[in-house]
Amino acid sequence: MELTFNIEPQQQERPRATGRGRFIRVYDPPKTAKFKRELKQLATEMYHDAPLEGEIYLKVAFYRKIQKSISKKEHDRRASGEHRPIVKADLSNYLKSFEDALNGVLWKDDAMIVHEEIDKYYSDNPRIEVEIYAKET
């Protein structure tokens, strides 16, 4: 299955915590929580079957926005894929928020993912492209 989510990738930020007496509540920062809600909504609109189970193989490409403060020549290099993002956010942090957001929608749990191929690119059209293969057990 191949899906394209027209949403700008957002990295998993460090969780926040608040305390009330002896109880501590841990939560996602607002930007991360908003991204996860929006991605889950997009996935729910695109995928109507039961969440996948068994071994899951993913190929994910994160396309982040090209900065406006660069030369046209550098913009063209980034848009063509000649120059790839080597700045923050980390690829693993993009992946973490992506996987968590899609738990219960595309797959039952992200623990079922056994193989991943992940890339990070620049684009004028920020998005996330994913290919998912499931091997039922």
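These numbers come from a predicted model, not from an experiment. All values below were derived from every heavy atom in this structure, side-chain atoms included, with hydrogens, water molecules and symmetry-related copies excluded.
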> Do Tyr94 and Pro9 make a side-chain contact, defined as non-hydrogen atoms from C-beta onward lying under 4.5 Å apart?
yes
> Examine distances only and state if a side-chain atom of Asp109 and a backbone atom of Ala111 form a donor-acceptor pair shorter than 3.5 Å.
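Between the backbone of Ala111 and the side chain of Asp109 there is a qualifying donor-acceptor contact (under 3.5 Å).
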> If I take atom CZ from residue Phe23 and atom OG1 from residue Thr18, how far apart are they, to the nearest 0.5 angstrom?
12.5 Å
> Just verifying a value: how many Å separate Phe35 CZ and Lys40 NZ, rounded to the nearest 0.5 Å?
12.5 Å
> Which value, rounded to the nearest 0.5 Å, describes the distance between Glu8 atom CD and Glu38 atom CD?
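Spacing of CD (Glu8) from CD (Glu38) equals 11.0 Å.
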> Asp124 and Tyr63: side-chain contact (heavy atoms from CB on, under 4.5 Å), yes or no, with the steps?
CA-CA 9 Å; Asp124 288 320; Tyr63 291 86; over 6 Å; no
> Taking the side chain as every heavy atom from C-beta outward, state whether Phe62 and Ile118 have any pair of such atoms under 4.5 Å apart.
yes
> To the closest 0.5 Å, what do you measure between CD1 (Ile70) and NZ (Lys68)?
10.5 Å
> Any side-chain heavy atom of Glu2 sitting closer than 4.5 Å to one from Glu129?
no
> Do Leu52 and Leu106 make a side-chain contact, defined as non-hydrogen atoms from C-beta onward lying under 4.5 Å apart?
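Not in contact.
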> Tell me, do Glu116 and Leu95 make a side-chain contact under 4.5 Å, heavy atoms counted?
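Glu116 vs Leu95: side chains touch.
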> Distance from Arg127 atom CZ to Leu42 atom CG, nearest 0.5 Å?
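Those atoms lie 14.5 Å apart.
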> Could you list all the salt bridge (Lys or Arg N to Asp or Glu O under 4.0 Å) pairs where at least one residue sits in residues 91-103, not counting sequence neighbours?
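Sorted result for residues 91-103: Lys36-Asp100, Lys96-Asp100.
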> Applying the salt bridge (charged side-chain N to carboxylate O under 4.0 Å, His left out) criterion to Asp76, which one of Arg78, Lys73, Lys72 satisfies it?
Lys72
> Before accepting this row, confirm whether a basic side-chain N of the pair Asp119/Lys59 lies closer than 4.0 Å to the acidic partner's carboxylate O.
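A salt bridge is absent here (no side-chain N lies under 4.0 Å from a carboxylate O).
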> Within a reach of under 6.0 Å around NZ of Lys108, are more than 12 heavy atoms found that belong to other residues, nucleotides or ligands?
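At most 12 heavy atoms, drawn from other residues, nucleotides or ligands, come within 6.0 Å of this atom.
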> How close do Glu55 and Val114 get, counting heavy atoms only, and between which atoms?
CB-CG2, 4.0 Å
> Given side-chain contact (heavy atoms from CB on, under 4.5 Å), test Phe98 with Leu39 step by step and report yes or no.
CA-CA 8 Å; Phe98 172 79; Leu39 182 59; 3.7 Å; yes
> Write down the atom of Ser97, the atom of Gln11, and the distance for their closest heavy-atom approach.
OG-C, 4.0 Å
> Answer yes or no: is there a donor N or O on one side and an acceptor on the other, between the side chain of Asn103 and the main chain of Asp110, under 3.5 Å?
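Indeed, once roles are kept as given, a pair shorter than 3.5 Å links the two residues.
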> Is any side-chain heavy atom of Arg64 closer than 4.5 Å to a side-chain heavy atom of Tyr121?
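No, side chains not in contact.
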> Within the structure provided, determine whether Met1 and Glu131 are in side-chain contact (heavy-atom separation under 4.5 Å).
no
> Might you point out which heavy atoms bring Lys65 and Tyr122 nearest each other, and give the distance in Å?
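Looking at all heavy atoms of both residues, the closest pair is O-CD2, 3.8 Å.
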> What closest approach, in Å, do His75 and Ile66 show between heavy atoms, and which atom pair accounts for it?
CD2-CG2, 3.5 Å
> Within the structure provided, determine whether Lys135 and Tyr57 are in side-chain contact (heavy-atom separation under 4.5 Å).
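They are in contact (side-chain heavy atoms under 4.5 Å apart), so the answer is yes.
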> For the hydrophobic clusters of this structure (ILVMFWY residues joined by side-chain heavy atoms under 4.5 Å, transitively), does one cluster hold both Phe5 and Tyr133?
no
> Just verifying a value: how many Å separate Asn6 CG and Ile128 CD1, rounded to the nearest 0.5 Å?
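Rounded to the nearest 0.5 Å, the CG-CD1 separation comes out at 10.0 Å.
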